[in-house]
K.L.:
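Sharing a structure with you now.
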Protein chains: 2
Amino acid sequence: MKYIEKLRNSGLRPTKQRLQICEVLFNTEKTFHFTINELNQKIKRQINNKISLATIYNTVHAFEKKGYLKQIPINSNQTYFDTNVSHHHHFYDLKDEKLIDLENSDVGPINILKKINGKKIKSVEVLVKLED
Amino acid sequence: MKYIEKLRNSGLRPTKQRLQICEVLFNTEKTFHFTINELNQKIKRQINNKISLATIYNTVHAFEKKGYLKQIPINSNQTYFDTNVSHHHHFYDLKDEKLIDLENSDVGPINILKKINGKKIKSVEVLVKLED
DNA sequence: TTCGTAGTTTATAATGATTCTAAATAGGTG
DNA sequence: CACCTATTTAGAATCATTATAAACTACGAA
Ligand SMILES: [Mn+2]
Ligand SMILES: [Mn+2]
Ligand SMILES: [Zn+2]
Ligand SMILES: [Zn+2]
């Protein structure tokens with residue numbers, strides 16, 4: 001398995017559950033956005049054996065901490081995650097409640113002129129809300 | 001009261017509770033960011049009579065719908081609102097969990113090159129995460 | 001290979017922000 | 001005032017997320 005080493009290198013034991021979650025999250029052509037609930041459904045569809053919801057939460061948070069997933073800052077009753085961890089932005093379609101990637105190159109360079117004493121910029125994320 | 005007309009013009013009855021919430025939200029020198037819980041505390045401090053939490057939720061949502069408040073897109077377990085309804089952006093201090101305004105002029109012009117068929121841009125918001 | 005231990009999974013309970021409900025109250029109009 | 005509807009309210013319900021603690025597992029050491 002190609003994910004065993006990835007997990008080991010991160011100090012995460014390559015358990016059966018984590019490897020299966022890796023398959024669902026990373027063994028795809030395209031990256032995608034998901035909520036925990038959506039991921040749970042997807043896992044049920046793609047995998048024979050059941051994974052506890054607690055494990056899905058644990059694993060997603062572990063992967064996020066290791067930088068394999070990103071949380072998307074958006075106001076929703078559920079937290080959205082992204083398997084695209086490159087620096088990029090998002091459209092949010094207010095009607096369909098769907099996220100669409102906005103590549104870094106689709107947004108001109110962003111220049112933050114204000115500085116905060118003793119703080120460094122960790123990330124700059126743009127959210128473009130769409131209506132009909 | 002200066003808020004009676006504002007409410008009437010919005011089709012909202014100027015009730016005692018709404019007027020008191022207006023005082024707390026809008027009768028200040030500076031704009032500010034808040035969660036419902038923080039607003040509830042602030043109201044308790046500044047007002048003699050108690051306002052039900054349900055009314056605070058109702059009123060904040062009504063004001064947001066009328067454009068007197070904005071929701072700030074951020075990942076938190078609580079929803080953040082802003083009394084600054086001008087087009088502006090935010091720093092988010094990850095350590096202190098505090099929001100800081102970034103005026104529009106503090107961010108260069110943002111050019112969204114990608115277009116989505118049949119959708120219009122409603123807003124463009126930048127979130128700059130800060131670390132030490 | 002077996003052991004020991006820490007890491008992990010799991011079902012289930014707890015938490016907590018938000019929304020819902022339905023009864024009481026209050027604003028506005030004639 | 002009299003009526004109607006909007007609003008307020010306490011409390012219950014919802015539901016995403018986190019905590020708990022017991023069972024299980026990966027894996028290095030013996
Ligand atoms: Mn939220
Ligand atoms: Mn959230
Ligand atoms: Zn994305
Ligand atoms: Zn602001």
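Letters A, B, ... are given to chains in the order of the sequence lines, protein chains preceding strands, and every chain is numbered from 1.
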K.L.:
Starting the side chain at C-beta, find the nucleotide from C:dT10, D:dT9, C:dT18 nearest to A:Thr55.
P.N.:
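In terms of side-chain proximity for A:Thr55, the closest of C:dT10, D:dT9, C:dT18 is C:dT10.
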
K.L.:
Checking contacts here: which listed nucleotide (C:dT18, C:dG28, C:dA11) is nearest the side-chain heavy atoms of B:Arg13?
P.N.:
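For the B:Arg13 side chain, the nearest candidate turns out to be C:dG28.
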
K.L.:
Within less than 4.0 Å of OP1 or OP2 of D:dT17, is there a side-chain N or O belonging to A:Thr79?
P.N.:
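Yes, such a contact exists.
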
K.L.:
Take the angle between the ring planes of A:Tyr57 and A:His61 and call it parallel below 30°, perpendicular above 60°, tilted in between.
P.N.:
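Plane angle between 30° and 60°, so tilted.
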
K.L.:
As an exercise, state the distance from OH of B:Tyr92 to CD1 of B:Ile74, rounded to the nearest 0.5 Å.
P.N.:
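Nearest 0.5 Å value for the OH-CD1 distance: 4.5 Å.
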
K.L.:
Give the cluster check for B:Val85 versus B:Val60: same hydrophobic cluster or not, with ILVMFWY residues linked at side-chain heavy-atom distances below 4.5 Å.
P.N.:
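They do not share one cluster, since no chain of ILVMFWY contacts under 4.5 Å joins B:Val85 to B:Val60.
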
K.L.:
Please work out which residues in residues 42-50 of chain B have a non-hydrogen atom less than 4.0 Å from an atom of DNA chain D and list them by number.
P.N.:
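Here the set is B:Lys50.
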
K.L.:
As a test of reading the structure: which of D:dT17, C:dT8, D:dT9 is closest to the side chain of B:Ala54, going by heavy atoms?
P.N.:
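Of the candidates, D:dT9 comes closest.
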
K.L.:
For C:dG28, does OP1 or OP2 lie under 4.0 Å from any side-chain N or O of B:Arg8?
P.N.:
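So the side chain of B:Arg8 is within the cut-off, an N or O lying under 4.0 Å from OP1 or OP2 of C:dG28.
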
K.L.:
Under 4.0 Å from OP1 or OP2 of C:dT18: is there any side-chain N or O of B:Tyr57 that close?
P.N.:
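Yes, such a contact exists.
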
K.L.:
Within less than 4.0 Å of OP1 or OP2 of D:dT18, is there a side-chain N or O belonging to A:His61?
P.N.:
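Looking at the OP1 and OP2 atoms of D:dT18, one of them is under 4.0 Å from a side-chain N or O of A:His61.
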
K.L.:
Does D:dT8 have OP1 or OP2 under 4.0 Å away from a side-chain N or O of B:Thr15?
P.N.:
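B:Thr15 to D:dT8 OP1/OP2: side-chain N or O found under 4.0 Å.
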
K.L.:
Phosphate oxygens OP1/OP2 of C:dT25: is one of them under 4.0 Å from a side-chain N or O of B:Gln17?
P.N.:
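Checking C:dT25 against B:Gln17, no side-chain N or O comes under 4.0 Å of OP1 or OP2.
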
K.L.:
Could you go through the side chain to side chain donor-acceptor pair (under 3.5 Å) check for B:His33 and B:Asp101 one step at a time?
P.N.:
CA-CA 9 Å; B:His33 308 123; B:Asp101 271 357; 2.8 Å; yes

K.L.:
Evaluate the ring planes of B:Tyr68 and B:Phe26, with Trp represented by its six-membered ring, and classify them as parallel (under 30°), tilted (30 to 60°) or perpendicular (over 60°).
P.N.:
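Perpendicular: the ring planes of B:Tyr68 and B:Phe26 meet at over 60°.
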
K.L.:
It should be established whether B:Arg18 places a side-chain nitrogen or oxygen under 4.0 Å from OP1 or OP2 of nucleotide D:dA6.
P.N.:
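Looking at the OP1 and OP2 atoms of D:dA6, neither is under 4.0 Å from any side-chain N or O of B:Arg18.
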
K.L.:
Angle between the end axes of the helix from C:dT1-D:dA30 to C:dG30-D:dC1, five pairs per end, to the nearest 10 degrees?
P.N.:
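End axes: 30° apart.
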
K.L.:
Students often mix this up, so state it plainly: with edges at 30° and 60°, are the rings of B:Phe32 and B:Phe34 parallel, tilted or perpendicular?
P.N.:
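Judged by the thresholds at 30° and 60°, the geometry between B:Phe32 and B:Phe34 is tilted.
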
K.L.:
What nucleotide, of C:dA17, C:dG27, D:dA10, holds the atom closest to the side chain of B:Ser52?
P.N.:
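Side chain of B:Ser52 sits closest to D:dA10.
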
K.L.:
If hydrophobic residues (ILVMFWY) are linked whenever their side-chain heavy atoms come closer than 4.5 Å, directly or via other members, who joins A:Val107 in its cluster?
P.N.:
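Besides A:Val107, the hydrophobic cluster comprises A:Phe91, A:Ile100, A:Leu102, A:Ile110, A:Ile112, A:Ile116, A:Ile121, A:Val124, A:Val126, A:Val128, A:Leu130, B:Phe91, B:Ile100, B:Leu102, B:Val107, B:Ile110, B:Ile112, B:Ile116, B:Ile121, B:Val124, B:Val126, B:Val128, B:Leu130, listed by chain and residue number.
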
K.L.:
Under 4.0 Å, heavy atoms only, any strand: does A:Asn37 hit a base, just the sugar-phosphate, or nothing?
P.N.:
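Contact class for A:Asn37: none.
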
